[in-house]
2 protein chains.
Amino acid sequence: MSPLILPPQATQVGLAVDVAAFAMHAGELQVLLIRRGELPHAQTWALPGGFVQPGEELHEAALRELRTETSVSLEPRHLEQFFTFGEVGRDPRGRIVSVAHLAVLPHGTVQARAGGHTVGAEWLAAHTPPALAFDHQAILDRAIKRLQLRLEYANLALEFLPDTFTLPELQTVYEAIGHRELDKRNFRKRILAAGILTPCGERRSGVGRPAQLYRRAKGTRTAAL
Amino acid sequence: MSPLILPPQATQVGLAVDVAAFAMHAGELQVLLIRRGELPHAQTWALPGGFVQPGEELHEAALRELRTETSVSLEPRHLEQFFTFGEVGRDPRGRIVSVAHLAVLPHGTVQARAGGHTVGAEWLAAHTPPALAFDHQAILDRAIKRLQLRLEYANLALEFLPDTFTLPELQTVYEAIGHRELDKRNFRKRILAAGILTPCGERRSGVGRPAQLYRRAKGTRTAAL
DNA sequence: CCAAAAGTGTTGTAACTACACCCATGT
DNA sequence: ACATGGGTGTAGTTACAACACTTTTGG
(Lines give C-alpha, C1' and ligand atoms only; values in the text may rest on other atoms or scores of the structure.)
Protein backbone atom coordinates (compact mmCIF):
# COMPACT_ATOMS: atom_id res chain seq x y z
CA MET A 1 0.00 0.00 0.00
CA SER A 2 1.80 3.12 -1.20
CA PRO A 3 1.59 6.27 0.91
CA LEU A 4 -0.89 8.77 -0.47
CA ILE A 5 -1.58 12.44 0.03
CA LEU A 6 -4.37 13.22 2.43
CA PRO A 7 -7.55 14.45 0.76
CA PRO A 8 -7.99 18.24 0.91
CA GLN A 9 -10.99 18.18 3.26
CA ALA A 10 -9.00 16.30 5.91
CA THR A 11 -9.01 18.50 8.98
CA GLN A 12 -5.63 19.09 10.54
CA VAL A 13 -6.04 19.39 14.27
CA GLY A 14 -3.83 19.52 17.30
CA LEU A 15 -3.74 16.12 18.98
CA ALA A 16 -3.29 16.11 22.72
CA VAL A 17 -3.61 13.77 25.66
CA ASP A 18 -4.73 14.62 29.16
CA VAL A 19 -4.26 12.33 32.14
CA ALA A 20 -6.39 12.01 35.23
CA ALA A 21 -4.03 10.20 37.59
CA PHE A 22 -5.48 8.96 40.86
CA ALA A 23 -4.00 7.76 44.10
CA MET A 24 -5.11 7.19 47.67
CA HIS A 25 -3.76 9.27 50.52
CA ALA A 26 -5.00 9.48 54.09
CA GLY A 27 -8.20 7.68 53.18
CA GLU A 28 -8.98 10.15 50.44
CA LEU A 29 -9.09 9.76 46.67
CA GLN A 30 -6.67 12.26 45.21
CA VAL A 31 -5.99 13.43 41.69
CA LEU A 32 -2.72 14.77 40.37
CA LEU A 33 -3.04 18.39 39.24
CA ILE A 34 -0.52 20.83 37.86
CA ARG A 35 -0.44 24.58 37.89
CA ARG A 36 -0.06 25.86 34.36
CA GLY A 37 2.98 28.05 33.65
CA GLU A 38 1.83 29.23 30.24
CA LEU A 39 -1.06 30.95 28.58
CA PRO A 40 -3.86 30.22 28.19
CA HIS A 41 -5.02 29.70 31.75
CA ALA A 42 -1.61 30.46 33.26
CA GLN A 43 -1.55 29.91 37.04
CA THR A 44 -4.69 27.80 36.82
CA TRP A 45 -4.90 24.19 37.99
CA ALA A 46 -5.22 21.61 35.24
CA LEU A 47 -4.79 17.95 34.50
CA PRO A 48 -1.33 17.03 33.25
CA GLY A 49 -1.34 16.74 29.49
CA GLY A 50 0.05 18.03 26.26
CA PHE A 51 0.55 17.43 22.60
CA VAL A 52 1.26 14.06 21.07
CA GLN A 53 4.55 14.05 19.22
CA PRO A 54 5.07 12.74 15.69
CA GLY A 55 5.36 8.98 15.67
CA GLU A 56 4.33 8.68 19.29
CA GLU A 57 1.51 6.36 20.36
CA LEU A 58 -1.30 7.79 22.44
CA HIS A 59 -0.49 5.80 25.56
CA GLU A 60 3.20 6.71 25.22
CA ALA A 61 2.27 10.36 25.12
CA ALA A 62 0.15 9.94 28.23
CA LEU A 63 3.07 8.30 30.02
CA ARG A 64 5.50 10.97 28.91
CA GLU A 65 3.26 13.79 30.07
CA LEU A 66 2.78 12.11 33.39
CA ARG A 67 6.52 11.83 33.84
CA THR A 68 8.00 15.00 32.38
CA GLU A 69 5.31 17.50 33.14
CA THR A 70 4.96 16.42 36.73
CA SER A 71 8.13 14.48 37.58
CA VAL A 72 6.16 11.53 38.85
CA SER A 73 8.70 8.96 39.97
CA LEU A 74 6.48 5.89 39.72
CA GLU A 75 5.15 3.76 36.90
CA PRO A 76 1.38 3.87 36.69
CA ARG A 77 -0.30 0.63 37.73
CA HIS A 78 -3.07 1.15 35.26
CA LEU A 79 -3.37 3.35 32.19
CA GLU A 80 -6.41 3.45 30.01
CA GLN A 81 -7.90 5.74 27.44
CA PHE A 82 -11.48 6.58 28.40
CA PHE A 83 -12.92 9.39 26.33
CA THR A 84 -11.97 11.86 23.61
CA PHE A 85 -12.87 15.50 24.07
CA GLY A 86 -13.03 17.33 20.77
CA GLU A 87 -15.58 20.10 21.09
CA VAL A 88 -14.81 22.92 18.69
CA GLY A 89 -14.45 25.68 21.27
CA ARG A 90 -12.76 23.76 24.06
CA ASP A 91 -9.35 25.37 23.56
CA PRO A 92 -8.89 29.04 22.61
CA ARG A 93 -5.77 28.21 20.57
CA GLY A 94 -7.69 26.36 17.90
CA ARG A 95 -9.07 22.93 17.21
CA ILE A 96 -7.39 20.68 19.71
CA VAL A 97 -8.65 17.18 20.32
CA SER A 98 -7.67 15.55 23.57
CA VAL A 99 -7.69 11.84 24.20
CA ALA A 100 -8.27 11.60 27.94
CA HIS A 101 -6.60 8.86 29.95
CA LEU A 102 -7.21 7.40 33.37
CA ALA A 103 -4.17 6.36 35.43
CA VAL A 104 -3.70 4.79 38.82
CA LEU A 105 -0.50 5.51 40.73
CA PRO A 106 0.40 4.18 44.13
CA HIS A 107 0.77 7.39 46.10
CA GLY A 108 4.39 8.49 45.68
CA THR A 109 6.62 11.50 45.48
CA VAL A 110 5.95 14.24 42.98
CA GLN A 111 8.48 16.99 42.46
CA ALA A 112 7.12 20.36 41.55
CA ARG A 113 8.54 21.44 38.24
CA ALA A 114 9.29 25.10 37.70
CA GLY A 115 9.73 24.91 33.94
CA GLY A 116 7.89 26.60 31.14
CA HIS A 117 4.83 24.40 31.11
CA THR A 118 4.30 23.81 34.77
CA VAL A 119 4.96 25.75 37.94
CA GLY A 120 3.93 23.02 40.37
CA ALA A 121 2.19 19.73 40.84
CA GLU A 122 0.13 18.46 43.76
CA TRP A 123 -2.18 15.69 44.82
CA LEU A 124 -5.58 17.23 45.62
CA ALA A 125 -8.95 15.87 46.66
CA ALA A 126 -10.52 14.35 43.56
CA HIS A 127 -14.11 14.86 44.68
CA THR A 128 -13.59 18.53 45.59
CA PRO A 129 -10.95 19.92 43.22
CA PRO A 130 -10.12 23.62 42.73
CA ALA A 131 -11.28 25.45 39.59
CA LEU A 132 -9.71 23.82 36.54
CA ALA A 133 -8.58 25.10 33.16
CA PHE A 134 -10.31 24.39 29.82
CA ASP A 135 -12.91 21.61 30.12
CA HIS A 136 -10.81 19.71 32.63
CA GLN A 137 -13.59 19.61 35.21
CA ALA A 138 -15.72 17.67 32.73
CA ILE A 139 -12.79 15.35 32.00
CA LEU A 140 -12.25 14.76 35.71
CA ASP A 141 -15.95 14.06 36.30
CA ARG A 142 -15.94 11.47 33.59
CA ALA A 143 -12.70 9.95 34.84
CA ILE A 144 -14.17 9.45 38.30
CA LYS A 145 -17.26 7.80 36.84
CA ARG A 146 -15.07 5.47 34.84
CA LEU A 147 -12.94 4.69 37.85
CA GLN A 148 -16.05 3.78 39.83
CA LEU A 149 -17.19 1.47 37.04
CA ARG A 150 -13.80 -0.20 36.84
CA LEU A 151 -13.64 -0.68 40.56
CA GLU A 152 -16.51 -3.15 40.47
CA TYR A 153 -15.76 -4.51 37.08
CA ALA A 154 -12.07 -5.17 37.08
CA ASN A 155 -10.35 -5.51 40.43
CA LEU A 156 -8.68 -2.17 40.06
CA ALA A 157 -8.73 -1.39 43.76
CA LEU A 158 -5.59 -3.42 44.40
CA GLU A 159 -3.61 -1.10 42.15
CA PHE A 160 -3.96 1.66 44.72
CA LEU A 161 -2.20 -0.30 47.43
CA PRO A 162 1.29 -1.70 48.03
CA ASP A 163 1.97 -5.39 47.51
CA THR A 164 0.67 -6.36 50.92
CA PHE A 165 -2.22 -4.64 52.64
CA THR A 166 -4.95 -5.23 55.18
CA LEU A 167 -8.65 -5.59 54.54
CA PRO A 168 -9.50 -2.33 56.32
CA GLU A 169 -7.06 -0.57 54.01
CA LEU A 170 -8.67 -2.11 50.97
CA GLN A 171 -12.05 -1.08 52.27
CA THR A 172 -11.00 2.55 52.51
CA VAL A 173 -10.01 2.42 48.83
CA TYR A 174 -13.50 1.27 47.92
CA GLU A 175 -15.08 3.85 50.16
CA ALA A 176 -12.96 6.73 48.89
CA ILE A 177 -13.61 5.94 45.25
CA GLY A 178 -17.26 5.07 45.66
CA HIS A 179 -17.65 8.08 47.92
CA ARG A 180 -19.83 6.20 50.41
CA GLU A 181 -19.39 4.02 53.44
CA LEU A 182 -19.51 0.26 53.34
CA ASP A 183 -20.39 -2.36 55.93
CA LYS A 184 -17.25 -4.03 57.23
CA ARG A 185 -18.68 -7.53 57.48
CA ASN A 186 -20.37 -7.53 54.09
CA PHE A 187 -17.26 -6.10 52.50
CA ARG A 188 -15.05 -8.85 53.90
CA LYS A 189 -17.41 -11.60 52.86
CA ARG A 190 -17.63 -10.23 49.34
CA ILE A 191 -13.89 -9.77 48.89
CA LEU A 192 -12.83 -13.03 50.49
CA ALA A 193 -15.48 -14.98 48.58
CA ALA A 194 -14.04 -13.60 45.34
CA GLY A 195 -10.89 -15.58 46.13
CA ILE A 196 -8.43 -13.06 44.74
CA LEU A 197 -6.48 -12.58 47.97
CA THR A 198 -4.07 -14.82 49.84
CA PRO A 199 -3.12 -14.17 53.46
CA CYS A 200 0.54 -13.53 54.28
CA GLY A 201 1.52 -12.70 57.85
CA GLU A 202 0.16 -9.91 59.95
CA ARG A 203 0.89 -6.32 60.77
CA ARG A 204 1.23 -4.74 64.17
CA SER A 205 0.67 -1.01 63.69
CA GLY A 206 0.92 0.59 67.10
CA VAL A 207 -2.19 0.31 69.16
CA GLY A 208 -5.06 -2.04 68.43
CA ARG A 209 -5.36 -5.62 67.35
CA PRO A 210 -2.89 -6.66 64.61
CA ALA A 211 -4.39 -7.00 61.15
CA GLN A 212 -4.11 -9.89 58.75
CA LEU A 213 -2.03 -8.98 55.71
CA TYR A 214 -3.05 -10.08 52.25
CA ARG A 215 -1.49 -10.05 48.81
CA ARG A 216 -3.06 -10.54 45.39
CA ALA A 217 -3.46 -14.24 44.64
CA LYS A 218 -1.33 -15.69 41.87
CA GLY A 219 -2.92 -15.67 38.44
CA THR A 220 -5.36 -12.85 39.18
CA ARG A 221 -4.30 -10.01 36.98
CA THR A 222 -6.53 -6.97 36.58
CA ALA A 223 -8.82 -7.58 33.64
CA ALA A 224 -9.24 -4.34 31.70
CA LEU A 225 -12.03 -4.18 29.20
CA MET B 1 -8.49 34.60 26.36
CA SER B 2 -6.73 35.69 23.17
CA PRO B 3 -6.09 33.10 20.44
CA LEU B 4 -2.50 31.91 20.39
CA ILE B 5 -0.27 30.09 18.00
CA LEU B 6 0.07 26.37 18.59
CA PRO B 7 3.43 25.39 20.07
CA PRO B 8 5.86 23.91 17.52
CA GLN B 9 5.83 20.41 18.92
CA ALA B 10 2.03 20.14 18.46
CA THR B 11 1.44 17.21 16.15
CA GLN B 12 -0.87 17.92 13.26
CA VAL B 13 -2.83 14.80 12.48
CA GLY B 14 -5.75 13.84 10.32
CA LEU B 15 -8.89 13.63 12.42
CA ALA B 16 -11.47 11.11 11.32
CA VAL B 17 -14.57 9.39 12.61
CA ASP B 18 -15.71 5.86 11.90
CA VAL B 19 -19.16 4.58 12.64
CA ALA B 20 -20.27 1.08 13.55
CA ALA B 21 -24.01 1.25 12.87
CA PHE B 22 -26.08 -1.70 13.98
CA ALA B 23 -29.59 -2.88 13.23
CA MET B 24 -31.63 -6.05 13.54
CA HIS B 25 -32.82 -7.94 10.52
CA ALA B 26 -34.32 -11.41 10.33
CA GLY B 27 -33.27 -12.15 13.90
CA GLU B 28 -29.66 -11.27 13.16
CA LEU B 29 -27.48 -8.43 14.37
CA GLN B 30 -26.24 -6.62 11.31
CA VAL B 31 -23.67 -3.91 10.80
CA LEU B 32 -23.64 -1.34 8.04
CA LEU B 33 -20.60 -1.72 5.80
CA ILE B 34 -19.50 0.13 2.71
CA ARG B 35 -17.30 -0.88 -0.15
CA ARG B 36 -14.50 1.60 -0.58
CA GLY B 37 -14.23 3.33 -3.94
CA GLU B 38 -10.81 4.86 -3.34
CA LEU B 39 -7.30 3.86 -2.43
CA PRO B 40 -6.13 2.66 -0.05
CA HIS B 41 -8.10 -0.56 0.28
CA ALA B 42 -10.26 0.16 -2.78
CA GLN B 43 -12.99 -2.46 -3.23
CA THR B 44 -12.59 -3.59 0.36
CA TRP B 45 -15.39 -3.58 2.91
CA ALA B 46 -15.07 -0.98 5.65
CA LEU B 47 -17.02 0.88 8.27
CA PRO B 48 -18.48 4.16 7.05
CA GLY B 49 -16.29 7.05 8.10
CA GLY B 50 -14.18 9.94 6.97
CA PHE B 51 -12.48 13.13 7.95
CA VAL B 52 -13.90 15.65 10.35
CA GLN B 53 -14.35 19.02 8.70
CA PRO B 54 -13.17 22.33 10.15
CA GLY B 55 -15.57 23.61 12.77
CA GLU B 56 -17.52 20.37 12.83
CA GLU B 57 -18.21 18.54 16.10
CA LEU B 58 -17.28 14.89 16.32
CA HIS B 59 -20.83 13.62 16.59
CA GLU B 60 -21.88 15.83 13.69
CA ALA B 61 -19.16 14.30 11.57
CA ALA B 62 -20.35 10.83 12.52
CA LEU B 63 -23.90 11.71 11.52
CA ARG B 64 -22.77 13.24 8.25
CA GLU B 65 -20.69 10.22 7.30
CA LEU B 66 -23.58 7.95 8.11
CA ARG B 67 -25.89 9.96 5.88
CA THR B 68 -23.77 11.02 2.92
CA GLU B 69 -21.44 8.13 2.57
CA THR B 70 -24.18 5.54 2.81
CA SER B 71 -27.42 7.41 2.10
CA VAL B 72 -29.03 6.10 5.21
CA SER B 73 -32.53 7.54 5.30
CA LEU B 74 -33.13 7.25 9.02
CA GLU B 75 -31.99 9.14 12.07
CA PRO B 76 -29.92 7.00 14.39
CA ARG B 77 -31.70 6.14 17.62
CA HIS B 78 -28.46 6.16 19.52
CA LEU B 79 -25.06 7.62 18.76
CA GLU B 80 -22.14 7.40 21.08
CA GLN B 81 -18.40 7.77 20.88
CA PHE B 82 -16.76 4.66 22.30
CA PHE B 83 -13.03 4.56 21.57
CA THR B 84 -10.31 6.44 19.74
CA PHE B 85 -7.97 4.52 17.50
CA GLY B 86 -4.72 6.35 16.96
CA GLU B 87 -1.99 3.78 16.44
CA VAL B 88 0.84 5.22 14.39
CA GLY B 89 0.69 2.71 11.54
CA ARG B 90 -3.06 2.22 11.29
CA ASP B 91 -3.44 4.17 8.05
CA PRO B 92 -0.84 4.11 5.25
CA ARG B 93 -1.58 7.74 4.35
CA GLY B 94 -0.11 9.09 7.52
CA ARG B 95 -1.04 9.77 11.11
CA ILE B 96 -4.80 9.57 11.15
CA VAL B 97 -6.66 9.35 14.42
CA SER B 98 -10.18 7.99 14.29
CA VAL B 99 -12.80 8.57 16.93
CA ALA B 100 -15.01 5.51 16.64
CA HIS B 101 -18.75 5.78 17.18
CA LEU B 102 -21.49 3.29 17.88
CA ALA B 103 -24.89 3.87 16.29
CA VAL B 104 -28.20 2.08 16.41
CA LEU B 105 -30.55 2.39 13.45
CA PRO B 106 -33.94 0.79 13.14
CA HIS B 107 -33.41 -1.39 10.08
CA GLY B 108 -34.25 0.80 7.09
CA THR B 109 -33.42 1.44 3.48
CA VAL B 110 -29.84 2.10 2.46
CA GLN B 111 -29.08 3.24 -1.07
CA ALA B 112 -25.83 2.14 -2.54
CA ARG B 113 -23.79 5.16 -3.47
CA ALA B 114 -21.63 4.99 -6.58
CA GLY B 115 -19.62 8.11 -5.88
CA GLY B 116 -15.96 8.67 -5.30
CA HIS B 117 -15.72 7.38 -1.79
CA THR B 118 -18.13 4.50 -1.85
CA VAL B 119 -19.29 1.99 -4.39
CA GLY B 120 -21.95 0.34 -2.30
CA ALA B 121 -23.38 -0.14 1.15
CA GLU B 122 -24.96 -3.18 2.75
CA TRP B 123 -26.14 -4.59 6.02
CA LEU B 124 -24.06 -7.66 6.85
CA ALA B 125 -23.89 -10.10 9.73
CA ALA B 126 -22.07 -8.30 12.55
CA HIS B 127 -20.72 -11.44 14.18
CA THR B 128 -19.32 -12.86 10.91
CA PRO B 129 -18.28 -9.91 8.74
CA PRO B 130 -16.14 -10.09 5.57
CA ALA B 131 -12.50 -8.98 5.64
CA LEU B 132 -12.34 -5.29 6.56
CA ALA B 133 -9.99 -2.45 5.63
CA PHE B 134 -7.49 -0.82 8.00
CA ASP B 135 -8.07 -1.80 11.64
CA HIS B 136 -11.82 -1.87 11.18
CA GLN B 137 -12.14 -5.43 12.43
CA ALA B 138 -10.72 -4.31 15.77
CA ILE B 139 -13.09 -1.34 15.80
CA LEU B 140 -16.04 -3.62 15.08
CA ASP B 141 -15.03 -6.07 17.81
CA ARG B 142 -14.89 -3.30 20.34
CA ALA B 143 -18.17 -1.85 19.14
CA ILE B 144 -19.94 -5.17 19.67
CA LYS B 145 -18.52 -5.46 23.17
CA ARG B 146 -19.73 -1.97 23.97
CA LEU B 147 -23.13 -2.74 22.53
CA GLN B 148 -23.40 -5.81 24.72
CA LEU B 149 -22.50 -3.75 27.78
CA ARG B 150 -25.04 -1.07 26.90
CA LEU B 151 -27.74 -3.63 26.36
CA GLU B 152 -27.79 -4.54 30.01
CA TYR B 153 -26.84 -1.17 31.31
CA ALA B 154 -29.04 1.23 29.46
CA ASN B 155 -32.20 -0.12 27.91
CA LEU B 156 -30.74 0.19 24.46
CA ALA B 157 -32.58 -2.84 23.09
CA LEU B 158 -35.75 -0.84 22.46
CA GLU B 159 -33.90 1.35 20.01
CA PHE B 160 -33.64 -1.56 17.59
CA LEU B 161 -37.40 -1.94 17.32
CA PRO B 162 -40.32 0.11 16.00
CA ASP B 163 -42.58 1.97 18.43
CA THR B 164 -44.67 -1.06 19.18
CA PHE B 165 -43.33 -4.57 19.34
CA THR B 166 -43.93 -7.95 20.92
CA LEU B 167 -41.94 -9.60 23.67
CA PRO B 168 -40.67 -12.37 21.39
CA GLU B 169 -39.33 -9.68 19.07
CA LEU B 170 -37.58 -7.95 21.94
CA GLN B 171 -36.14 -11.26 23.01
CA THR B 172 -34.58 -11.86 19.60
CA VAL B 173 -32.83 -8.49 19.93
CA TYR B 174 -31.27 -9.57 23.18
CA GLU B 175 -30.35 -12.95 21.76
CA ALA B 176 -28.81 -11.56 18.58
CA ILE B 177 -26.70 -9.01 20.40
CA GLY B 178 -25.72 -11.25 23.28
CA HIS B 179 -25.10 -14.05 20.79
CA ARG B 180 -26.74 -16.66 23.00
CA GLU B 181 -30.21 -18.03 23.66
CA LEU B 182 -32.39 -16.95 26.53
CA ASP B 183 -35.19 -18.65 28.42
CA LYS B 184 -38.55 -17.26 27.35
CA ARG B 185 -40.17 -17.29 30.79
CA ASN B 186 -37.23 -15.78 32.63
CA PHE B 187 -36.82 -13.14 29.96
CA ARG B 188 -40.46 -12.03 30.27
CA LYS B 189 -40.34 -11.89 34.01
CA ARG B 190 -37.20 -9.80 33.96
CA ILE B 191 -38.43 -7.34 31.36
CA LEU B 192 -41.94 -6.96 32.73
CA ALA B 193 -40.65 -6.57 36.29
CA ALA B 194 -38.46 -3.69 35.09
CA GLY B 195 -41.68 -1.81 34.39
CA ILE B 196 -40.44 -0.03 31.29
CA LEU B 197 -43.14 -1.38 28.97
CA THR B 198 -46.84 -0.67 28.69
CA PRO B 199 -49.19 -3.00 26.76
CA CYS B 200 -51.09 -1.58 23.80
CA GLY B 201 -53.31 -3.88 21.76
CA GLU B 202 -52.26 -7.08 20.09
CA ARG B 203 -50.95 -8.22 16.77
CA ARG B 204 -52.32 -11.00 14.58
CA SER B 205 -49.48 -12.03 12.31
CA GLY B 206 -50.82 -14.89 10.21
CA VAL B 207 -50.75 -18.22 11.92
CA GLY B 208 -50.33 -18.73 15.64
CA ARG B 209 -51.68 -17.08 18.73
CA PRO B 210 -51.78 -13.26 18.53
CA ALA B 211 -49.07 -11.52 20.49
CA GLN B 212 -49.43 -8.74 23.02
CA LEU B 213 -47.98 -5.50 21.74
CA TYR B 214 -45.96 -3.21 23.99
CA ARG B 215 -44.55 0.27 23.76
CA ARG B 216 -41.93 2.01 25.89
CA ALA B 217 -43.53 3.39 29.05
CA LYS B 218 -43.70 7.17 29.39
CA GLY B 219 -40.79 8.74 31.17
CA THR B 220 -38.35 5.92 30.48
CA ARG B 221 -35.76 7.40 28.21
CA THR B 222 -32.56 5.50 27.47
CA ALA B 223 -29.95 6.50 30.03
CA ALA B 224 -26.58 6.74 28.32
CA LEU B 225 -23.51 6.88 30.48
C1' DC C 1 -8.77 -1.69 82.70
C1' DC C 2 -9.34 1.25 78.99
C1' DA C 3 -8.90 2.82 74.28
C1' DA C 4 -8.26 1.47 69.64
C1' DA C 5 -8.60 -1.24 65.78
C1' DA C 6 -9.67 -6.04 63.81
C1' DG C 7 -12.52 -9.57 63.40
C1' DT C 8 -16.91 -12.42 63.19
C1' DG C 9 -22.67 -14.78 61.91
C1' DT C 10 -27.44 -14.69 61.16
C1' DT C 11 -31.52 -13.53 58.94
C1' DG C 12 -34.47 -11.58 55.46
C1' DT C 13 -35.06 -10.25 50.77
C1' DA C 14 -34.47 -9.78 45.94
C1' DA C 15 -32.71 -11.66 41.72
C1' DC C 16 -31.61 -15.36 38.85
C1' DT C 17 -31.73 -20.32 36.98
C1' DA C 18 -33.77 -24.42 35.41
C1' DC C 19 -37.54 -26.53 33.70
C1' DA C 20 -42.64 -28.38 30.75
C1' DC C 21 -47.09 -27.51 29.61
C1' DC C 22 -51.44 -24.97 27.92
C1' DC C 23 -53.61 -21.30 24.79
C1' DA C 24 -55.26 -18.91 20.68
C1' DT C 25 -55.24 -18.67 16.01
C1' DG C 26 -55.12 -20.10 10.70
C1' DT C 27 -55.36 -23.78 7.47
C1' DA D 1 -57.11 -32.03 13.78
C1' DC D 2 -52.81 -30.14 13.64
C1' DA D 3 -49.23 -26.89 13.04
C1' DT D 4 -47.56 -22.47 14.60
C1' DG D 5 -46.20 -19.21 17.66
C1' DG D 6 -47.60 -16.89 22.37
C1' DG D 7 -48.06 -17.29 26.94
C1' DT D 8 -47.64 -19.02 31.93
C1' DG D 9 -45.66 -20.83 37.41
C1' DT D 10 -42.79 -23.10 40.82
C1' DA D 11 -38.90 -24.40 43.36
C1' DG D 12 -33.95 -24.08 44.38
C1' DT D 13 -29.98 -21.15 44.67
C1' DT D 14 -27.27 -17.26 45.06
C1' DA D 15 -26.06 -12.49 45.99
C1' DC D 16 -26.72 -8.68 48.79
C1' DA D 17 -28.28 -5.62 52.83
C1' DA D 18 -29.07 -4.89 57.60
C1' DC D 19 -27.54 -5.48 61.95
C1' DA D 20 -23.99 -5.62 67.31
C1' DC D 21 -20.80 -7.84 69.85
C1' DT D 22 -16.16 -10.11 70.86
C1' DT D 23 -11.02 -10.31 70.37
C1' DT D 24 -6.39 -8.70 70.52
C1' DT D 25 -3.16 -5.53 71.27
C1' DG D 26 -0.59 -1.09 73.59
C1' DG D 27 -0.54 2.21 77.12
Side-chain angles (χ1 to χ4, degrees), chain A residues 24-28 148-149 151-155 157-158 161-162 164-215 220 223, chain B residues 24-28 148-149 151-155 157-158 161-162 164-215 220 223:
Chain A
M24 289 291 303
H25 189 61
E28 184 184 65
Q148 288 171 342
L149 267 187
L151 188 60
E152 310 285 333
Y153 213 73
N155 42 348
L158 302 191
L161 295 171
T164 66
F165 50 88
T166 68
L167 282 187
E169 285 169 352
L170 184 60
Q171 185 172 348
T172 62
V173 174
Y174 275 81
E175 290 178 331
I177 296 177
H179 216 212
R180 68 201 173 105
E181 301 203 332
L182 297 174
D183 180 88
K184 200 180 6 167
R185 289 162 289 190
N186 293 337
F187 179 78
R188 293 172 158 261
K189 266 180 296 185
R190 201 155 60 84
I191 297 293
L192 293 177
I196 55 174
L197 302 184
T198 48
C200 56
E202 37 176 61
R203 172 192 299 166
R204 207 169 322 274
S205 62
V207 59
R209 178 172 173 173
Q212 179 65 245
L213 280 177
Y214 292 89
R215 59 161 23 95
T220 58
Chain B
M24 289 292 303
H25 189 61
E28 185 183 64
Q148 289 171 341
L149 268 187
L151 189 59
E152 311 284 334
Y153 213 73
N155 42 348
L158 302 191
L161 295 172
T164 68
F165 51 88
T166 69
L167 282 187
E169 286 168 351
L170 184 59
Q171 186 173 347
T172 63
V173 174
Y174 274 81
E175 289 179 331
I177 297 177
H179 216 210
R180 68 199 173 107
E181 301 201 333
L182 298 174
D183 180 88
K184 198 177 12 166
R185 289 162 290 188
N186 294 338
F187 178 77
R188 294 173 155 262
K189 264 180 297 185
R190 202 156 59 82
I191 297 294
L192 292 177
I196 56 174
L197 302 184
T198 47
C200 56
E202 37 177 60
R203 172 192 299 165
R204 208 170 320 275
S205 62
V207 58
R209 177 172 172 174
Q212 178 66 245
L213 280 177
Y214 292 89
R215 60 162 21 97
T220 59

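Side-chain atoms are counted along with the backbone in the values below, which use heavy atoms only and exclude waters and symmetry mates. Everything numeric here is computed off the predicted structure, so don't read it as measured data.
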Any donor-acceptor pair under 3.5 Å from A:Glu175 side chain to A:Leu182 backbone: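 Yes, the answer is positive, given that a donor and an acceptor are paired below the 3.5 Å cut-off.
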B:Glu28 (side chain) donor-acceptor with B:His25 (main chain) under 3.5 angstrom: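 Checked: no pair found.
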For [X] and [N], what is the distance between atoms [atom1] and [atom2] respectively, to the nearest whole Å?
{"X": "B:Ile191", "N": "C:dA15", "atom1": "CD1", "atom2": "C1'", "result": "14 Å"}
{"X": "B:Arg185", "N": "D:dT10", "atom1": "CZ", "atom2": "C1'", "result": "10 Å"}
{"X": "A:Arg209", "N": "D:dT24", "atom1": "CZ", "atom2": "P", "result": "6 Å"}
{"X": "A:Glu152", "N": "D:dA15", "atom1": "CD", "atom2": "P", "result": "15 Å"}
{"X": "A:Glu181", "N": "D:dC19", "atom1": "CD", "atom2": "C1'", "result": "15 Å"}
{"X": "B:Leu167", "N": "C:dC23", "atom1": "CG", "atom2": "P", "result": "20 Å"}
{"X": "A:Leu182", "N": "D:dC16", "atom1": "CG", "atom2": "C1'", "result": "12 Å"}
{"X": "B:Lys184", "N": "C:dC22", "atom1": "NZ", "atom2": "C1'", "result": "11 Å"}

Comparing B:Gly208 and B:Leu213 on DNA chain D - which has the more 5′ nearest nucleotide: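 Result of the comparison: B:Gly208.
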Nucleotide nearest [X] (side chain, heavy atoms from C-beta), chosen from [options]:
{"X": "A:Arg188", "options": "C:dT8, D:dG6, D:dT25", "result": "C:dT8"}
{"X": "B:Glu202", "options": "D:dG26, C:dA6, C:dT25", "result": "C:dT25"}
{"X": "B:Asn186", "options": "D:dG9, C:dA6, D:dG7", "result": "D:dG9"}
{"X": "B:Gln212", "options": "C:dG26, D:dG7, D:dT25", "result": "D:dG7"}
{"X": "B:Pro210", "options": "D:dG6, C:dA6, C:dA24", "result": "C:dA24"}

Upstream residue (5' side of DNA chain C) when A:Val207 and A:Leu192 are each assigned their closest nucleotide: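 It is A:Val207 whose nearest nucleotide is closer to the 5' end.
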Note: B:Arg209-B:Glu202 ion pair, threshold 4.0 Å (strictly below):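 No, no charged N to carboxylate O under 4.0 Å.
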Reported CG-to-CD1 distance for the pair A:Asn186 and A:Ile191, which is rounded to 0.5 angstrom: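 Spacing of CG (A:Asn186) from CD1 (A:Ile191) equals 11.5 Å.
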Ring-ring centroid check A:Tyr174 A:Phe187, cutoff 6.0 Å: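 When the ring centroids of A:Tyr174 and A:Phe187 are compared, they turn out to be within the sub-6.0 Å range.
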N/O donor-acceptor pair, side chain B:Lys189 with base D:dT10, under 3.5 angstrom: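 Answer is yes: a donor-acceptor pair is held.
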Contact under 4.0 Å: B:Arg190 side-chain N or O vs C:dC16 OP1/OP2: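 It does not, given that no N or O in the side chain of B:Arg190 lies less than 4.0 Å from OP1 or OP2 of C:dC16.
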